[in-house]
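A short worksheet on the structure shown next.
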Amino acid sequence: MSSSQSPVRYNFRETESKWQKAWDERGTFRAKMDRAKPKYYVLEMFPYPSGRIHMGHVRNYTQGDVVARYRRARGFNVLHPMGWDAFGLPAENAAMQMKVHPKKWTYENIATMKGQLKSMGLSLDWSREVATCDPSYYRHQQKMFLDFWQAGLAYRKEAWVNWDPVDNTVLANEQVIDGKGWRTGATVERRKLSQWNLKITHYAEELLSRLESMPRWPEKVRLMQANWIGRSEGARVFFALTGEGAEPGETLEIFTTRPDTLFGASFMAISPDHPLAARLAKDDAALAAFIAECRKTGTSAAEIETAEKKGYRTRLSVKHIVKDGETLPVYVANFVLMEYGTGAIFGCPAHDQRDLDFVRKYGLPVIPVVLPKDADPRSFTIGAEAFVEDGTIYNSAFLNGLSVPDAKRAIIRHLEDKGQGKGTVQYRLRDWLVSRQRYWGCPIPAIHCDACGVVPVPAKDLPVTLPDDVEFDTPGNPLDRHPTWNHVACPSCGKPARRETDTFDTFIDSSWYFDRFTSPGVESAPFDREENHYWMPVDQYIGGVEHAILHLLYSRFWTRAMREVRMTGRDEPFDGLFTQGMVCHETYRAADNTWLFPDEIKRLDGGAVVRASDSSPVTVGRSEKMSKSKKNVVDPDQIIRDYGADTARWFMLSDSPPERDLEWTEAGVSGAWRFQQRLYRLLSEAIGGGVSAAKANGAFSDAAMTLRRAAHKAAAGISADIEAFHFNKAVARLYELANAIEGFKATTDSDRAALAETLDIFVRLIAPMTPHLAEELWTLLGRDGLVADAPWPTPDAALLADEAVTVAVQVNGKLRATLKLAKDTPKEKAEAAALAEADVIKAMAGKPAKKIVVVPNRIVNVVV
RNA sequence: GCCCCCAUGGCGGAAUUGGUAGACGCGGCAGACUCAAAAUCUGUUGCCCGCGAGGGCGUGUUGGUUCGAGUCCGACUGGGGGCACCA
């Protein structure tokens, strides 16, 4: 298309880079502490520098940017920083596959992605940029770890890990697929290693109970965290061991949530990992074999589901705790977890399905002790299903007749009186294992000395930096085989010692970066206390729901750990949280069943989809989350090049509610693009009519008043929408206002003044969403300065209310007419007007009104 | 298996929280401009019956509460998410 045919055309390429430069040069988005203004900290989850940004980032950062720009316009002192979650496994994989050093790879990716983010026109304060792989960042993390260690929040523990014997490394649970290493395919072994743990369980109760006072977090996330923490009330009970192999006076401690069913016990079961099992296995080869067998069982969901309940009858028994003279057999059972409770349980088959399955297999007795409501105690029996609901206790001596909750209280009191147990609260939450046998992570600042044990690196020797001269041609952690780095003198005795070669879980890096952003330049501390106190907590945090548990829970823990060592007085890092939905796209498969990229296909006129290269048929699959493996991805760079950042941003905000998944479509993008062009045309034509200089002389016409009302209503509505994260509704209101502007024909100076007022409001309203276009239009309107610095429009309350309202008239609940009435017309008048309507009279068919319901300004319902 | 969420035109989604269902956008249809196409503009567009005026139906299914239900309650169906032998 030649430019002569299109006199008004918005050149986004020139315009977008022009305004990005202007913001940059003026330092528009630099944040400075200013106590005169209310602060607002907007943060989007920082990206892993994988190479290029993807559409998920575009969506996430667009949403955050709308909030940041809106708050700025509302007069808040906004902090909106960005950084890089820069440590992690992909860098090491790149090193192995492409022979690039992880550091080089990471920093090159950061440079690329920073350029991409800048092209989006985000209102970020880049002067605060941090990368977690930088020693100036992680040194503080090492220091905090030492402080936590000293405070008793970090400790070493032997733990079972997934060991890949080919890579010589530990694998996370999700890296084990069907019992094999995800990379090597080697059968994963379980090994016991001494690992660093952080005591997140110390805060289990607080992390749980505080969720209730976090109203600006999604209910869903709070629920997921609550389930993850998994509080359950119950009792620990001490059973006296008897039989061959029991030490005199030895007890077996179990945890149960159903102490009320103790009279129904028929066996005891301990975990294969229980110390007692190990002791018995020493002189019981069959038991040793059974334990080995249990360890082999995989951790995958399918295996757990199908795993049969198995047990091994040991020589031991226990004395029944409430039935004198009786004993219960002790089994080692594959379904008992060492990590939960005490690693030992008592089995009551009548009231626990798992125990029932077990007992049916080994022929043990089933003794019902809870009677369902209305059941007959003489005939009630347990069949294939355990009875797990509330009922009346029977067959249980002094508990008989009580309800389940009452019986729990009674038996716990009884056990506590006799010193045989006590009521406790148990959590599913485990401590946070933070050791990783990897190179590209933050070194754990510890030294292993044969004489002194594990010794902290002295604070003056921090940071412990990663050595650059490492090789990735052999599997395993290159730090382990480094010729010099791991040799160090023991800080305590001075003798030769070894450095810890494990590095931290990268979730630590992201557990405090938001604190660092408050004062990223400080060297002597993780952050400046005053700055941190001013900016924190994060007022609005935005990111993917996939971080609902781990990242958010770890950050909440880290904040408490910092509180413990008196670095802050804060409990919670994030005041408001929003979890955005994914970006999806249709999937395409060629005839040979391979995936195709969206730009490899072509749509024919009839709607059929074919491969662009050879017109072979293509199967269109359902829309799924964009992923490289299915090739249903669209490159943000390309979109920004072809359509501009504002189009991409506008599309991300239109139609789909931000918390739901968004379907990326070519039609949607071009619709967004057309609107940008239309706006530019519309406003430049209106401004060309000499609008900006117009002054109102005399009263506004009805049409002008309607337009002004529309503008002021839009301002009020969009403010509410942005604050409630209803960006799609805000977009709809902007379309409506644009339509109103387009339909308005200014003929008088008053009209032109009304139009100028509306355009002025309009441009400020679109500024958070399409900031480049807004700046351009702002200049076109003849306004000085940046729209980014302009205040948000304040709606005139007098223009928000209509003087006439449309009232619906129903007869027996069915709509029969509408009435145009003055606002707040009294009930009697509205009723009379409704009854006078011809359609209403017809619908009433001569019958008298039995009742008339009038809701002022809304509805009149005549019941006949 | 347990816990949680969701279901509205051809499509994405609105609906002041119990008061005119379908805002706004996409797509479709008709028209204008054009030699033609693209772009743009105008009109129209929930479904069914009817030439028409008009009428009927309609928020996954079903039952209930209410003058009035997309919205509240019960049951069911379908889709999505979280947890996974948690004693």
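Below, chain A is the first sequence line, B the second, and so on; all start at residue 1. Note that the structure is predicted; figures quoted are calculated from it, not measured.
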Exercise. For each nucleotide in nucleotides 4-18 of chain B, reading 5' to 3', give B when a protein heavy atom comes within less than 4.0 Å of its base, S when such contact involves only the sugar-phosphate, and - otherwise.
Key: S-------BSSSB--

Pair up each side-chain donor or acceptor in residues 847-858 of chain A with any protein partner under 3.5 Å, not counting sequence neighbours, and list the distances.
residue, atom, partner, partner atom, Å
A:N857, OD1, A:D824, N, 2.8
A:N857, ND2, A:D824, OD1, 2.9

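- A:K309 contributes a side-chain N or O that forms a donor-acceptor pair with the base of B:rC85 under 3.5 Å.
- In terms of modelled atom types and a separation under 3.5 Å, the side chain of A:T342 and the main chain of A:E253 share a donor-acceptor contact.
- Within the nucleic acid shown, A:V545 has no heavy atom closer than 4.0 Å to any nucleic acid atom.
- Syn is the glycosidic conformation of B:rG9, whose angle stays within 90° of 0.
- Comparing A:T665 and A:V853 along RNA chain B, the residue whose closest nucleotide (by nearest heavy atom) sits nearer the 5' end is A:T665.
- In terms of phosphate contacts, A:K814 brings a side-chain nitrogen or oxygen within less than 4.0 Å of OP1 or OP2 of B:rC57.
- Nucleic acid contact for A:T806: base, since at least one base atom lies under 4.0 Å from a heavy atom of the residue.
- The side chain of A:K851 approaches B:rC67 more closely than any other nucleotide in the set B:rC83, B:rG56, B:rC67.
- In this model, a side-chain donor or acceptor of A:R430 finds a partner on the base of B:rC86 within 3.5 Å.
- B:rU66 shows a glycosidic angle more than 90° from 0 and is accordingly assigned anti.
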